[in-house]
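As the structure is a computational prediction, the values presented were derived from the model and not from experiment. Just follow the structure's listing: the first ligand is 1, and inside any ligand the first atom is 1.
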Amino acid sequence: SPAEPARAAVADPSKGLLPQPARMIMQSGAFAVTPATVIRAESQQFAFSARFLANHIGIAVGPQPLTVEVGGGAGPGSILIQRNAGGAVLGPEGYNLIVRQDGITIGADTPAGAFYGVQSLRQLMPPAWEYEALRPPRRNSPPVTIPAMEIFDAPRFAWRGAMLDVARHFLEVDEVKRFIDLMALHKLNRLHLHLADDQGWRIDIRSWPNLASHGGSTEVGGGTGGFYGQDQYAAIVRYAAERFITVVPEIDMPGHTNAALASYAELNCDNIARPLYTGTEVGFSALCVDKEITYKFIDDVVREIAALTPGPYFHIGGDEVKTLTPVQYAGFVERVQGIVRSHGKQMIGWDEIAPTRLDPTSIVQHWRPKTSIAEVEAKGVKVIMSIADRMYLDMKYDNDTPIGLTWAGIVSVKQSYDWDPVTAAPGISERSMLGVEAPLWAETITNIRDYEFLAFPRLAAIAEVGWSPQEARKWDEFRERLGAQGPRWTALGLNFYRSPEVPWR
Ligand code: TNX
């Protein structure tokens, strides 16, 4: 009934946002979300974000979803998503979010910025709305209010990623989509898919059909594996793109290629197909780098995947090759770099490629904490930080973690949060650093529940490392804000690790 006092949406709105915005000012007063609230996109480019918000609220405040209008200006009591009207330049992903008693506006220069503004507003709404979208409100429930505030926000780094290793254990399309949803909530914008390794080839290549049908037929431990048809892969790419996430496909080569070597005898120097492999050793396999057919194969694979991938990147792996000489290895990487370029993509490789002759447009993904990659600065090459002792989501949280590995150490939540990427790679300047990406290798994890357990809360920590200004990041405050995400993550059904380092609510 109207006599009841309004209920604050979240316990402490100033702690509700994760990643922490660049600037946030709390004010007095509040906006009430009611069945009459209209969600308005100023123009078509913001319509996806307006609908996203309406779907999020669903029927949590009234018997009908809120009205969404595209075009037109602010009316009283509306939530308006518009082109940034203020003078400040928000950049390609920035936004401002202004909550006043008579309305909410989200301003952005781009659709991506508007989407991030909506994710912030979502984190100011009740955690239960994560599922109450599907349910009418309880009878007589008081109106929900969002306290007045102003947020001005833009990311520190352009690259804020996560990697899924679908090669060691396969994930179905719907599971990948769920992971994409969780990434979007935390303003992550790159999904790297590790699509081929010794234990499995996970994408249909029409010109080499055995790769998927045979090479994709198993996984670590001997399960049945799986692969994405080209339409399924395209659906993942589209779903991600709607949420402003760029998919980065990786075909690991010349090592980590047993699944391909098992599928086609001619890719082996001795012309004998290898048996399928379901163990977890690394470094034993390599394409036959001296055979022409190898480069025909790579050209076909890159062409087909590039055609399905609108993003500008193609990841060639390049890690842990123990059976080639340095000269053979460098010759291979340089030739493949040309193939990738010929299909209109920028090459990315793990940091073993650092000593090779790289184009300035190529990108090094730095994963070995004790290996210097300083030489790439002079080549004009950009760097993605994925150092294993801070960012590997497959490391155990502590000695009792039931799944995960330990080769790079124990990676507690604090260990994943409390550092600065710019001082972690000697010789690499901030200007050369594209950003951060947390890989989730899947030797020990078999289903989406395990993925969630290892990813959260550490992926949220990495999201903040990538987004928030360094001077705004304090571990003691982060713990509190992380704890405040507990009810939201619970409402989402997320199987996160309730680390004792965090005061969970
Ligand atoms: C190293 S990181 C690997 C992967 C493993 C991972 C396990 C990298 C480029 N190579 O093949 O899955 O360690 O943590």
Side-chain angles (χ1 to χ4, degrees), residues 161-171 190 192-202 219-221 225 248-261 277-287 313-324 329 332-333 336 347-356 362-373 376 383-397 401-411 415-416 424-425 436-446 450-451 453-455 458-459 462:
M163 188 207 81
L164 291 178
D165 171 13
V166 294
R168 270 54 175 272
H169 282 100
F170 186 62
L171 286 179
R190 300 284 186 272
H192 171 178
L193 291 176
H194 186 74
L195 290 168
D197 209 304
D198 291 319
Q199 298 88 348
W201 186 284
R202 304 299 179 208
E219 61 183 14
V220 167
V248 180
E250 177 187 354
I251 298 295
D252 205 344
M253 60 180 102
H256 290 269
T257 41
N258 190 77
L261 300 170
Y277 181 69
T278 60
T280 58
E281 291 301 310
V282 297
F284 62 89
S285 59
L287 295 171
Y313 313 108
F314 189 96
H315 200 309
I316 66 145
D319 57 316
E320 299 178 314
V321 197
K322 296 187 181 148
T323 61
L324 300 178
Y329 175 81
F332 175 86
V333 169
V336 173
M347 182 180 79
I348 307 179
W350 297 105
D351 62 24
E352 284 90 337
I353 70 168
T356 66
S362 292
I363 297 167
V364 169
Q365 187 164 8
H366 185 28
W367 68 282
R368 294 172 299 173
K370 294 188 186 79
T371 301
S372 168
I373 56 159
V376 309
V383 173
I384 299 163
M385 292 295 280
S386 295
I387 45 175
D389 59 343
R390 296 279 185 188
M391 308 178 71
Y392 268 32
L393 301 175
D394 62 318
M395 295 299 122
K396 290 179 186 285
Y397 288 99
T401 310
I403 48 179
L405 302 175
T406 54
W407 69 263
I410 293 290
V411 180
Q415 173 78 1
S416 68
V436 296
E437 179 181 302
L440 184 38
W441 299 101
E443 284 92 336
T444 69
I445 60 184
T446 56
D450 293 347
Y451 276 77
F453 181 79
L454 287 179
R458 288 179 297 195
L459 184 57
I462 297 302

Parallel, tilted or perpendicular: rings of Trp407 and Tyr392 (30°, 60°): perpendicular
Derivation of the side chain to side chain contact (heavy atoms under 4.5 Å, CB included) call for His256 and Val282: CA-CA 7 Å; His256 290 269; Val282 297; 3.7 Å; yes
Residues forming a salt bridge (Lys or Arg N to Asp or Glu O under 4.0 Å) with Asp252, sequence neighbours excluded: none
For Arg190, side chain to side chain contact (heavy atoms under 4.5 Å, CB included) partners two or more places apart: Trp159, Thr246, Val248, Tyr313
Side chain to side chain contact (heavy atoms under 4.5 Å, CB included) partners of Ala196, counting only residues at least two apart: Trp201, Ile251
Show me the short polar-atom pairs for ligand 1: any N or O of it lying under 3.5 Å from a protein N or O, with distances only.
unit_1: ligand 1; atom_1: 10 (N); unit_2: Asp319; atom_2: OD2; d: 2.9
unit_1: ligand 1; atom_1: 10 (N); unit_2: Glu320; atom_2: OE1; d: 3.2
unit_1: ligand 1; atom_1: 11 (O); unit_2: Arg168; atom_2: NH2; d: 3.0
unit_1: ligand 1; atom_1: 11 (O); unit_2: Glu320; atom_2: OE1; d: 3.4
unit_1: ligand 1; atom_1: 12 (O); unit_2: Arg168; atom_2: NH1; d: 2.8
unit_1: ligand 1; atom_1: 12 (O); unit_2: Glu443; atom_2: OE1; d: 3.3
unit_1: ligand 1; atom_1: 12 (O); unit_2: Glu443; atom_2: OE2; d: 2.6
unit_1: ligand 1; atom_1: 14 (O); unit_2: Asp394; atom_2: OD2; d: 2.6
unit_1: ligand 1; atom_1: 14 (O); unit_2: Trp407; atom_2: NE1; d: 2.7

Separation of Phe170 CZ from Arg202 CZ (nearest 0.5 Å): 7.0 Å
